[in-house]
Colleague: 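Encoded as structure tokens, here's the structure I'll be asking about.
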Amino acid sequence: NLDDEVTDDDFIVRRFRTKGLVLQLTLKYENKHDVRDVGGVVCYLIIESIAQWSAVSTHLMQSFGVSVFVSVTGSYKRASVRQFFSSIVELYVFAQLPTYLTQFIALYGLG
């Protein structure tokens, strides 16, 4: 029996087997990171554990255990020269808008 070999420090492990545990595994991919000597994509593995009842009952038996859920997230960042110049042109156009609005009001609105 495995429970006979468990010490007091391993009590929580025995409780997870009889009570239940939910493991949430998150894979987070990034291509812009602070990891040295890596020029490509990095995957961070985030593990979260939640102790909760996870009983499954059938007409033949009742079982407990560990449920595992996996999710994948991440971000890829890329610089675009075309998008940069487009933003500069739009900023220039919007900066001239107050001048044209003031001229229009002065010429046609004040009468």
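Hydrogens, waters and symmetry mates play no part in the numbers below; they use all other heavy atoms, side chains included.
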Colleague: Are F94 and Y92 connected in a single hydrophobic cluster, I mean Ile/Leu/Val/Met/Phe/Trp/Tyr linked by side-chain heavy atoms less than 4.5 Å apart?
Modeller: no
Colleague: Do V68 and L45 sit in one hydrophobic cluster, given that two such residues count as connected whenever their side-chain heavy atoms are within less than 4.5 Å of each other, even indirectly?
Modeller: yes
Colleague: Can you tell me how far OG1 of T73 sits from CG of L27, rounded to the nearest 0.5 angstrom?
Modeller: 8.0 Å
Colleague: Could you tell me the separation between the CD atom of E30 and the SG atom of C43, rounded to the nearest 0.5 Å?
Modeller: 10.0 Å
Colleague: Answer with yes or no whether the hydrophobic clustering places F84 together with V93; edges join I, L, V, M, F, W, Y residues whose side-chain heavy atoms lie under 4.5 Å apart.
Modeller: no
Colleague: Would you name the heavy atoms of K28 and G74 that are closest together and state the gap between them?
Modeller: CG-CA, 4.5 Å
Colleague: Hey, quick one: are V72 and L23 part of the same hydrophobic cluster, counting side-chain heavy atoms closer than 4.5 Å, chains of contacts allowed?
Modeller: yes
Colleague: Roughly how far apart are L101 CG and Q96 CD, rounded to 0.5 Å?
Modeller: 13.5 Å
Colleague: How many angstroms lie between atom CD1 of I105 and atom OH of Y100, to the nearest 0.5 angstrom?
Modeller: 15.5 Å
Colleague: Do the side chains of V70 and V41 join up, straight or via other hydrophobic residues, at under 4.5 Å, putting them in one cluster?
Modeller: yes
